[in-house]
Structures are given as C-alpha cells and as structure tokens.
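Per chain, numbering begins at 1; letters A, B, ... match sequence-line order.
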Amino acid sequence: MDFDAGKYAPHVWPAFAAVAVVFAWMIVDSLARARRWRREADPRLRGDDRE
Amino acid sequence: MFAFLANPDRFMAFSRWAAPLLGAVAALLLLAGLYFGFSAPEDYQQGDTVRIMFIHVPAAWLGMFAYLCLGVASFLTLVFRHALADAAAKSAAPLGAAFTALALITGSLWGRPMWGTWWVWDARLTSVLVLFLFYLGYMALRAAIDDESKAGRAAAILALVGLVNLPIVHFSVEWWNSLHQGSSTFGAGRGDALPAVYMTPLALMGLGYLALFGSLWLVRIRAEVWRRRATVQALRAAEG
C-alpha cells in the first residue's frame with residue numbers, strides 16, 4: 001500500500017478526512033437518535049408508568 | 001417486498017437484524033476498497049489524486065440514489081398516505097444530503113490540482129449543487145410546518161419536483177459541453193472505461209457506501225418509528 005501522496009497530499013488527505021468526519025457524524029447521529037427514541041418509546045427502558 | 005415491509009411490526013423485526021448486518025458488510029467492503037485503492041498505482045495524468053475518485057464517485061452515486069429513494073418514498077406517502085413511507089422519506093434526506101455534500105467537497109479538492117480551480121459553474125457541478133439544495137429545502141420545509149402530516153405531504157411534493165433534477169445530473173456531461181469528464185463506469189465506451197486496477201476499488205467502495213446507506217437508513221427509520229410511538233404515548237398520557 002502506498003500512502004505517500006507526494007505533492008498532492010494537501011488535496012488527497014483532506015478529501016479522505018472529510019469522508020471520515022461525515023461518516024462518523026452519520027453513524028453517531030443515527031445511532032444516538034435510535035437509542036434516544038427507543039428509550040422514549042419503551043416504558044421498560046424509560047423507567048416510568050406512562051403507559 | 002414493499003407490501004411485506006409496509007407493516008411497521010414486520011419492518012421493525014426485519015430491520016433489527018438487517019441494519020447491523022448491512023453495517024458489518026459496509027465495514028468489510030470499505031476496508032477492502034481502501035486496501036485496493038491505496039494499492040493501485042498512481043495515474044499517469046492525475047497522479048495520486050486518482051485516489052480521491054474512490055471516495056468521490058461513490059458519494060455522487062449515493063447522493064443520487066438516496067434522492068431516488070426519497071422520491072419513491074414521497075410518492076408512496078402522497079398516494080397511500082403510509083406513515084412508514086413518510087418515515088423512510090424523512091430518514092433518507094439527511095443521509096442523501098451528507099453524501100451529496102461529500103461529492104461536492106471531494107470533487108472540489110480533486111478539481112483544484114487537476115482543473116486549477118475549486119469550483120466552476122459547469123452543468124454537472126451546478127446540477128449536483130441543485131440536488132444538495134433540494135435536500136436542504138426538503139428538510140427545511142418539513143421543519144417549518146408544525147403539523148407532521150401536512151409537513152410530510154408538502155415536503156413529498158417538493159421531493160417529487162426534485163426528481164426532475166436526477167436525469168439532468170446524470171446526462172449533464174452529455175447534454176452540455178462540460179469540464180467534468182464523461183462516464184468511465186456505467187455505459188462508458190470501450191476506450192473510456194476504467195482499467196480493472198481502478199475499477200475494483202471503485203466498485204468495492206461503491207458497494208460499501210451503498211451498504212452503509214442501507215444500514216443507516218434502516219436505523220434512522222427505526223428511530224423515526226420509535227419517535228412517533230413516543231409522541232403518541234406522550235399525548236395519551238397528557239390526555240389522562
């Protein structure tokens with residue numbers, strides 16, 4: 001594997017970094033939403049007697 | 001398939017195992033794509049910037065595919081008023097916007113050394129920017145209307161209007177003289193097609209992006225179903 005992007009490194013690595021950041025946001029935000037609303041919707045996880 | 005998954009309980013049971021499975025498949029495909037991508041030789045013209053292609057082109061594909069999913073779900077929302085279709089449309093929008101933003105960002109980072117400019121009002125670039133604006137408009141419209149069913153229908157109409165942009169994005173490089181290159185994958189002429197050493201990582205990354213979108217889409221639809229159930233429970237509790 002060749003990680004040396006030479007003179008194009010200032011363009012290649014920011015592109016990969018942007019993908020990493022956006023993918024991380026997509027994954028974290030999606031899982032956080034699912035976790036939050038599952039807890040809100042499930043009385044057993046919520047720990048109250050709303051239902 | 002649509003009829004089977006239209007039932008929320010069946011959808012939740014299916015997505016419970018399908019989402020993590022797709023996520024694992026996505027991780028494997030992306031790792032393999034990165035391995036082959038960084039093992040490929042640098043291009044004789046583009047040098048090492050050719051590696052940007054492996055993350056840029058799939059982002060553009062998924063930006064368009066997610067919009068197609070948004071359009072189909074919006075159509076089902078308008079015609080059948082199906083709550084799960086509305087949840088699917090709402091969940092596809094932020095993911096599609098993220099992929100489209102990535103296509104614009106990585107394309108700009110490739111364009112600067114290859115074209116000598118970060119941006120040009122070229123037909124392909126402009127139509128992808130319009131696609132991104134349709135995503136933002138869809139999400140803003142949903143957020144601006146308090147009544148969820150009205151918001152869903154209004155946003156669905158906007159999403160259907162935006163479908164017109166998809167063939168414009170795809171065929172822009174054929175319909176206009178464009179700085180952007182023509183297709184070198186699907187429908188490419190024999191002389192324009194990518195060699196296997198570049199096609200392999202591109203295909204792996206494309207499938208990896210697709211699996212990631214599928215996994216996160218299911219997760220977000222599940223979250224939306226739970227949100228709506230929680231809202232109904234809260235309203236019932238408020239009514240006493």
Whether D29(A) and R220(B) form a salt bridge (side-chain N of Lys/Arg under 4.0 Å from carboxylate O of Asp/Glu) is what I want to check.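 Counted as a salt bridge, because a side-chain N and a carboxylate O are separated by less than 4.0 Å.
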
How would you list all residue pairs meeting side-chain hydrogen bond (donor to acceptor under 3.5 Å, both in side chains) that involve residues 14-31 of chain B, not counting sequence neighbours?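 Non-adjacent pairs meeting side-chain hydrogen bond (donor to acceptor under 3.5 Å, both in side chains): S15(B)-R222(B).
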
How about [X] and [Y]: do any of their side-chain heavy atoms sit closer than 4.5 Å?
X       : Y      : value
M1(A)   : F36(B) : no
R51(B)  : D2(A)  : yes
I105(B) : V19(A) : no
M26(A)  : F99(B) : yes

Could you give me the CA-CA distance, side-chain angles and deciding distance for F23(A) and L102(B), then say whether side-chain contact (heavy atoms from CB on, under 4.5 Å) is met? CA-CA 10 Å; F23(A) 275 18; L102(B) 274 180; 3.8 Å; yes

With chain A as the partner, which of G37(B), A98(B), P113(B) has the greatest number of non-hydrogen pairs under 4.5 Å?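 That would be P113(B).
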
Specify which of L216(B), V225(B), L95(B), T106(B) makes the most heavy-atom pairs with chain A at under 4.5 Å.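 It is L216(B).
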
Under 4.5 Å heavy-atom distance to chain A, tell me which part of M114(B) shows up: side chain, backbone, both or neither.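 The side chain, not the backbone.
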
In terms of heavy-atom proximity below 4.5 Å to chain A, should Q46(B) be classed as side chain, backbone, both, or neither?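 Q46(B) touches chain A through backbone heavy atoms alone.
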
Roughly how far, to the nearest 0.5 Å, is NE2 of H11(A) from CD1 of I52(B)?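 That separation rounds to 8.0 Å.
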
Run the side-chain contact (heavy atoms from CB on, under 4.5 Å) check on D48(B) and D4(A) step by step: do they pass? CA-CA 8 Å; D48(B) 278 295; D4(A) 180 13; 6.0 Å; no

Can we call the ring centroids of F16(A) and F54(B) under 6.0 Å apart?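 Not close enough - the centres of the two rings lie 6.0 Å or further apart.
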
Please confirm whether W13(A) and F38(B) have ring centers closer than 6.0 angstrom.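 Yes, the ring of W13(A) comes within the 6.0 Å limit of the ring of F38(B), centre to centre.
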
